[in-house]
Structure formats: structure tokens, C-alpha cells
Asker: 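Below are the C-alpha cells for one structure; questions will follow.
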Amino acid sequence: MQEAASAARLGTILRHLCPRTGAAALTAFPTSAQIASVKHPVEFHYTLDNNLLTPEQRHFYDENGYLLIKNLVSGEDIERFRNQFAKICKKEVQVPGLIIMRDVAIAKSEFVLDQKAVTKVQDFQEDEELFRYCTMPQILKYVECFTGPNIMAMHTMLINKPPDSGKKSSRHPMHQDLHYFPFRPADHIVCAWTAMERIDRSNGCLVVLPGTHKGSLKQHDYPDWEGGVNKMYHGVRDYNKNLPRVHLVMEKGDTVFFHPLLIHGSGMNRTQGFRKAISCHYASAGCHYIDVKGTSQENIEKEVVGIAQRKYGVSTPITLKDTWMVRGRLVKGERTNL
Ligand SMILES: CCCCCCCCCC(=O)SCCNC(=O)CCNC(=O)[C@H](O)C(C)(C)COP(=O)(O)OP(=O)(O)OC[C@H]1O[C@@H](n2cnc3c(N)ncnc32)[C@H](O)[C@@H]1OP(=O)(O)O
Ligand SMILES: Nc1ncnc2c1ncn2[C@@H]1O[C@H](COP(=O)(O)OP(=O)(O)OP(=O)(O)O)[C@@H](O)[C@H]1O
Ligand SMILES: O=C(O)CCC(=O)C(=O)O
Ligand SMILES: [Fe+2]
Ligand SMILES: [Mg+2]
């Protein structure tokens, strides 16, 4: 009896150390022989093993909070996404629920039906062509290593970073995507972000602070930038500016998977081209919603709810959770909690 109790306790500790591999390595009540055999507790904390990731890749993600896979999306598919994006900008197609955002530097200038006016489109879950990105088997195969088999596409974006207007507003401040998400656990959420062309420091690549996914969710506010900040581009209030930064230089089709606590941003676009990337945030359907009242996420809830009420013309009180429940789409397995 005592052995069963201590075995259960050890199981709990191991699961705590590593929720998934700990649970997989041990049955609910391991025998003392099993306990004795657990010499090297748990190797990997942030990934599931579906025979896709090598031990080196799993180790890299554990340590750094991101994983870059070369050449995952074909040039042909990227061309199709580009064409669809152009059609959306020209208003040749109307997509229900889509948010079209213009850069703050030109938001008040005259409206042009051209992608030169669009900084990103969000929530394209109702666009069959762009949403194809979120359902690509070669992407979901990787996503499953982070989320498990029941997968929800929660947030979709095509980012069209414009040439900087001179005000540096094309930058994206350093942030953690979890700030926007009222669901947990964070370890079962992952972003896939695919470069639609070569992206390096000249056109504003992703900048990451490796290892910061091991920390907690930080307080986010608007950065104090003279040239203006795009709506809802909150940044981490205080982060250690001495932490090493890594610039992710990517070729067309390369895809990075990253943890929602990883602190990242993107630099200014110093070229004349519109730097394009397409992304989707996935979560395990088994994640649960949380109430963000009284937490650091209260400020973003207020903004998102304000925009959602305007967009859907509702005046009844809604929560951050409601805005996510209507956007999430199942892409694999079974829709359970989210
Ligand atoms: C829900 C968030 C999900 C994020 C989750 C994943 C992590 C991702 C991290 C991010 O991407 S953070 C940034 C997320 N940003 C957004 O979600 C903002 C999405 N954009 C919008 O909702 C609309 O583009 C916006 C409401 C800002 C404007 O759309 P409208 O169609 O209402 O534009 P309109 O031209 O009518 O302008 C209305 C007002 O907004 C202002 N505006 C427009 N674009 C702006 C801009 N880019 N920045 C600041 N203000 C802007 C514009 O000047 C004007 O101000 P006034 O009322 O004072 O005249
Ligand atoms: N003064 C600043 N305060 C806060 N964040 C900043 C500041 N300058 C840059 N950043 C952030 O750091 C990231 C990279 O920005 P930056 O424009 O310096 O690009 P970069 O790729 O570092 O280019 P460079 O080659 O000039 O260093 C972005 O997320 C940006 O928002
Ligand atoms: O600059 C980009 O393409 C990505 C910005 C980003 O991190 C985000 O939208 O969450
Ligand atoms: Fe982000
Ligand atoms: Mg810099």
C-alpha cells in the first residue's frame, strides 16, 4: 500500500516534470521495478514523440523554444497563397470574419485597393484557399508533436510587412503570443510561421530570444515608440536586453515552429518589397479556456473585445474566450474543449 502510494507520488512528480513523456513512461501505479529502472527521469519536456522529430530536434526545441524546418511548403503553394492575398486586397473576394489591417503610418491616409495598403490579414479561417495552409499534412505532422492528435487552428495571419515609412512602425515589438490567448496549457500551443520569400535582416526577419519559453507570461504594454505603434502590437514591458538575440534568416518555404512563451519580434523592413509570411497558431483541442480577469492579459481582453463588438455589431458583454471560440477550427482529430 505504501509502495503504491509512493509510486503514485513519483508518478505525479515525473508527470509534473514532464506532463506527457512522464505520463507515457509510467502507468498510474508503477511497480518498484519500474521505479528502479527510471534512472534518467525524463529527457524531453516540450514535445511528444511521433517518430518525426529526431532527439536532436527535440533537444533543440526544449532548450530554445523554436524549431526551424527548411523547405516545408512548396513554391507552388506559396504562389497560390500570394495570388489569393492579392485578390483579397483588391476586394475581388470577400471573406467573412477577415480583418484587414493597414500600417499605422498609412491608416489615416487615403484608401487604396492594393496590397501596398495592407500590413496583414487576420482570421482567414473562412477562406478556403488561405486556410489550406493550416491543413497541410506536412505542417500538421510537426504540429502534432507539440499539440497531440486533436488539433485546433486558433489564429491565422498573412503578414505583409510594408517598406518602412521612415517611422519604424513596420517593426513588431518583442512579445509573447500567449499574451493574446486565454487558453492553456501553453506547452500544447504552437505557432507555425512560413516565409513566403527569403527573409533576413534587410526586410525584417523574426528575432527570437532563445530559451525564454521556459519563463512565465510577462506584462505587455504598448512600447514607447515615437513613430507610432500598430493597434494591439503590445510588447513585453521589461525584458532582459542583454539576452542573446537570434535573427532567423529563412528561405521561401522554410517554416519555424515556436512556443507561445518565446519572446520574439520582427525588425523594420528596409527594402522596397512587401515582406510576406503566413502563419497559424495551433492548440490541442484538449486545452481549456481561462478567465483572464485580474491577470496581465486584462488589457488585451479589453481591446480585443472592443474591436470584436464593433466588428460583429454586438453590445452585449463578451469575453476574450468568446472571440476565440468563434474563430477556432478543428483541423485534425476531435473537437473537445476549445
Ligand atoms: C486578436 C489578436 C490576435 C493576436 C494573436 C496572435 C499573436 C499575434 C500578435 C499580433 O499580431 S498582435 C497584433 C494583432 N493586431 C490586431 O489584431 C489588430 C487587427 N486590426 C484591426 O483590428 C483593424 O485593422 C483595426 C481595428 C485596427 C482597424 O480596422 P478598421 O477597419 O476599423 O480601420 P479603419 O480604417 O476604419 O480605422 C478605424 C480607426 O482605427 C485606426 N487604425 C487603423 N489601422 C490602425 C493601426 N494599424 N494601428 C492603429 N490604429 C489603426 C484608424 O486610424 C481609425 O482611427 P480613428 O477612429 O481614430 O479615426
Ligand atoms: N528601441 C527599441 N526598443 C524596443 N524594442 C526594439 C527597439 N529597437 C528594436 N526593437 C525590437 O527588436 C526587434 C528587432 O528590431 P530592429 O528593427 O532593430 O531589427 P534588427 O533585425 O535588429 O535590425 P538591425 O540589423 O538594425 O539590428 C524588433 O522586434 C523590434 O521591435
Ligand atoms: O513579423 C512577423 O511576421 C510576425 C510578427 C508576430 O510575431 C506576430 O504577429 O505575432
Ligand atoms: Fe508573435
Ligand atoms: Mg536592431
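In this chain, residues are counted from 1 in sequence order. All ligand and atom numbering here is 1-based and tracks the order in the structure.
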Asker: Which protein non-hydrogen atom lies closest to atom 3 (O) of ligand 3, naming both residue and atom, and how far is it?
Answerer: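 Result: R275 NH2, 2.4 Å.
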Asker: Around atom 5 (C) of ligand 3, find the nearest protein heavy atom and jot down its residue, atom name and distance.
Answerer: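 Protein heavy atom with the smallest distance to atom 5 (C) of ligand 3: H172 ND1, 3.4 Å.
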Asker: Under a 4.0 Å heavy-atom limit, does M157 contact ligand 1 with its side chain, its backbone, both, or neither?
Answerer: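 Side chain only.
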Asker: Against heavy atoms of R102, which atoms of ligand 1 measure under 4.0 Å?
Answerer: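 Counting atoms of ligand 1 from 1, those under 4.0 Å from R102 are 35 (O), 44 (N), 46 (C), 47 (N).
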Asker: Take the Fe ion (ligand 4) and tell me which protein N, O or S atoms are nearer than 2.8 Å.
Answerer: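 Hits for the Fe ion (ligand 4) below 2.8 Å: H175 NE2, D177 OD1, H264 NE2.
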Asker: Just checking Q219: does its CD atom have more than 12 heavy atoms from other residues, nucleotides or ligands closer to it than 6.0 angstrom?
Answerer: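 More than 12 heavy atoms, drawn from other residues, nucleotides or ligands, come within 6.0 Å of this atom.
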Asker: side-chain contact (heavy atoms from CB on, under 4.5 Å) with E79: which residues, sequence neighbours excluded?
Answerer: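 Result, side-chain contact (heavy atoms from CB on, under 4.5 Å) vs E79: R82, N83.
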Asker: Under a 3.5 Å threshold, yes or no: a donor from one side chain and an acceptor from the other, between N160 and K120?
Answerer: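 Per modelled atom types, N160 and K120 side chains form no pair under 3.5 Å.
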Asker: Do D187 and H259 pair up side chain to side chain, a donor and an acceptor below 3.5 Å, judged on atom types alone?
Answerer: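 A donor-acceptor contact under 3.5 Å links the two side chains.
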Asker: Does the pair T47 and R58 meet the rule for a side-chain hydrogen bond (donor to acceptor under 3.5 Å, both in side chains), with working shown?
Answerer: CA-CA 6 Å; T47 53; R58 298 181 73 188; 2.8 Å; yes
Asker: Using a strict cut-off of 4.0 Å, indicate which atoms of ligand 1 neighbour a heavy atom of I307.
Answerer: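 Taking each heavy atom of I307 in turn, ligand 1 has 22 (O), 26 (C) under 4.0 Å.
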Asker: Give the atom numbers and elements of ligand 1 that come within less than 4.0 Å of a heavy atom of I100.
Answerer: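 Under 4.0 Å from I100, ligand 1 has these atoms: 24 (O).
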Asker: Check the orientation of Y133 and F81. Use parallel for under 30°, tilted for 30 to 60°, and perpendicular for over 60°.
Answerer: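 Correct class here is perpendicular.
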Asker: Which of the listed options, R310, E301, M101, holds the heavy atom that is closest to atom 26 (C) of ligand 1?
Answerer: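 Looking at heavy atoms only, R310 sits closest to atom 26 (C) of ligand 1.
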Asker: Using a 3.5 Å distance criterion without hydrogens, assess whether the side chain of D127 forms a donor-acceptor pair with backbone atoms of F131.
Answerer: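 No, D127 side chain to F131 backbone: no donor-acceptor pair under 3.5 Å.
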Asker: Heavy-atom contacts with W193 under 4.0 Å: which atoms of ligand 3 show up? List them by number with element.
Answerer: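 Counting from 1, the qualifying ligand atoms are 2 (C), 3 (O), 4 (C).
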Asker: Under 3.5 Å, side chain of N50 to main-chain N/O of L52, donor-acceptor pair present?
Answerer: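 Flag set: sc N50 to bb L52 pair under 3.5 Å.
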Asker: Which bit of N230 gets closer than 4.0 Å to ligand 1, counting heavy atoms only: side chain, backbone, both or neither?
Answerer: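 For N230, the contact with ligand 1 is made by both the backbone and the side chain.
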Asker: Could you list which atoms of ligand 3 come closer than 4.0 Å to a heavy atom of H264?
Answerer: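 The list of qualifying atoms is 7 (O).
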Asker: Looking only at distance, does Q122 have an N or O less than 3.5 Å from an N or O of ligand 1?
Answerer: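 Indeed, backbone or side chain, Q122 has an N or O that close.
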Asker: Are any of the N/O atoms in K231 less than 3.5 Å from those in ligand 1?
Answerer: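 Yes; at least one N/O pair falls below 3.5 Å.
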Asker: Please round to the nearest 0.5 Å and tell me the distance separating atom CZ of R171 and atom NZ of K168.
Answerer: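 Answer rounded to 0.5 Å: 5.5 Å.
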Asker: I'd like to check which ligand 3 atoms, numbered from 1 as shown, lie under 4.0 Å from a non-hydrogen atom of S266.
Answerer: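 So the atoms of ligand 3 that pass are 1 (O), 2 (C).
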Asker: Could you establish whether H172 and ligand 1 come within less than 4.0 Å of each other, counting only heavy atoms on the residue side?
Answerer: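 Yes.
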Asker: In terms of atom number and element, which parts of ligand 3 are under 4.0 angstrom from non-hydrogen atoms of K120?
Answerer: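 Every atom of ligand 3 under 4.0 Å from some heavy atom of K120: 9 (O).
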Asker: Quick check on contacts: which atoms of ligand 3 are under 4.0 angstrom from a heavy atom of L206?
Answerer: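 Close to L206: 4 (C).
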Asker: I'd like to check which ligand 3 atoms, numbered from 1 as shown, lie under 4.0 Å from a non-hydrogen atom of M157.
Answerer: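 Selected atoms, number and element: 8 (C), 9 (O), 10 (O).
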Asker: Is H281 in polar range of ligand 3, meaning some N or O pair under 3.5 Å apart?
Answerer: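 Checking ligand 3 against H281, no N or O pair falls under 3.5 Å apart.
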Asker: So Y46 and Y61, would you call those rings parallel, tilted or perpendicular, with 30° and 60° as cut-offs?
Answerer: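 Geometry flag for Y61 against Y46: perpendicular rings.
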Asker: With respect to H281, determine whether any N or O atom, backbone or side chain, lies less than 3.5 Å from an N or O atom of ligand 1.
Answerer: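 No, there is no polar N/O contact under 3.5 Å.
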Asker: Between the side chains of H179 and D177, is a donor N or O closer than 3.5 angstrom to an acceptor N or O?
Answerer: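 No - no donor-acceptor pair under 3.5 Å links their side chains.
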Asker: So how far is it from T271 OG1 to K161 NZ, rounded to the nearest 0.5 Å?
Answerer: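 Separation between the atoms: 10.5 Å.
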Asker: If you apply the rule side-chain hydrogen bond (donor to acceptor under 3.5 Å, both in side chains), what do you find for H234 with E303, and how did you get there?
Answerer: CA-CA 11 Å; H234 294 188; E303 282 195 56; 2.7 Å; yes
Asker: Within the 4.0 Å heavy-atom shell around Y233, which atoms of ligand 1 are there?
Answerer: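 Those atoms are 13 (C).
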Asker: Please work out whether any backbone atom (N, CA, C, O) or any side-chain heavy atom from C-beta onward of T323 is under 4.0 Å from ligand 1, and answer side chain, backbone, both or neither.
Answerer: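 It is neither part, as no heavy atom is under 4.0 Å.
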Asker: Hey, is ligand 1 close enough to D177 that some N/O pair sits below 3.5 Å?
Answerer: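 The answer is no, given that D177 and ligand 1 share no N or O pair closer than 3.5 Å.
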Asker: What's the verdict on side chain to side chain contact (heavy atoms under 4.5 Å, CB included) for M250 and C205, showing C-alpha distance, side-chain angles and the deciding distance?
Answerer: CA-CA 8 Å; M250 295 167 67; C205 62; over 6 Å; no
Asker: Atoms of ligand 1 less than 4.0 Å from R327 heavy atoms?
Answerer: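 Answer for ligand 1: 1 (C).
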Asker: With a 3.5 Å cut-off and no angle check, do the side chains of H175 and H220 form a donor-acceptor pair?
Answerer: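 The criterion, which ignores hydrogens and geometry beyond distance, is not satisfied for H220 and H175.
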Asker: Give the ring-plane orientation class for H155 versus H281, where under 30° counts as parallel, over 60° as perpendicular and anything between as tilted.
Answerer: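 Tilted: the ring planes of H155 and H281 meet at 30° to 60°.
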Asker: Could K231 and Y233 be counted as a cation-pi pair, given that NZ or CZ must be under 6.0 Å from the ring centre and within 45° of the axis?
Answerer: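 No, K231 and Y233 do not form such a contact.
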